[in-house]
Amino acid sequence: MCQAHHVEQWARDGGKTSVDNGILLCAFHHRTIHDRDIAIRRHHGRWEFTDRHGTTIDPDRDRPLAARWRRSGPATG
């Protein structure tokens, strides 16, 4: 099940409830966004996530190893 997240947060920033200001997240990631103070914005037509220090979260670098393995298959050799 997905939950709607206000990109410009409703409670903190007075963000509008609209499709343009929303992103759908699973419950785990929605909670993680709030708990870790992760900012979300659209950048060049893609979603960009930054941590509380302003560092961009790279989905290829920062995804769990298991997710990378599922995408590329096990290493051989």
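- Placement of L24 and I40 in two distinct hydrophobic clusters is found when ILVMFWY residues are connected by side-chain heavy-atom separations under 4.5 Å, directly or transitively.
- With rounding to the nearest 0.5 angstrom, the CD1 atom of I57 is 14.5 Å from the CH2 atom of W47.
- Heavy-atom minimum distance, Q3 versus A27: NE2-CB, 3.4 Å.
- Counting only distance, with no hydrogens or angles, the side chain of T55 and the backbone of D51 share no donor-acceptor pair below 3.5 Å.
- Atom CD1 of I23 sits about 11.0 Å away from atom NE2 of H29, to the nearest 0.5 Å.
- The salt bridge (charged side-chain N to carboxylate O under 4.0 Å, His left out) search around E48 returns R41, not counting sequence neighbours.
- In the hydrophobic clustering of ILVMFWY residues, with side-chain heavy atoms under 4.5 Å counting as a link, W10 and V7 come out apart.
- Taking CD1 of I38 as the reference point, atom OG1 of T50 lies at 8.5 Å (rounded to 0.5 Å).
- For residues 13-31, no residue pair satisfies the salt bridge (Lys or Arg N to Asp or Glu O under 4.0 Å) rule, not counting sequence neighbours.
- Ring-centre distance between H34 and H5: below the 6.0 Å cut-off.
- One distance of note links CG of D58 with CZ of F49; it measures 12.0 Å at 0.5 Å rounding.
- With sequence neighbours excluded, the residues that form a salt bridge (charged side-chain N to carboxylate O under 4.0 Å, His left out) with R12 are D37.
- To the nearest 0.5 Å, atom SG of residue C26 and atom CE of residue M1 are 12.0 Å apart.
- R52 places a side-chain N or O within 3.5 Å of a backbone atom of R36 that can act as its donor or acceptor partner.
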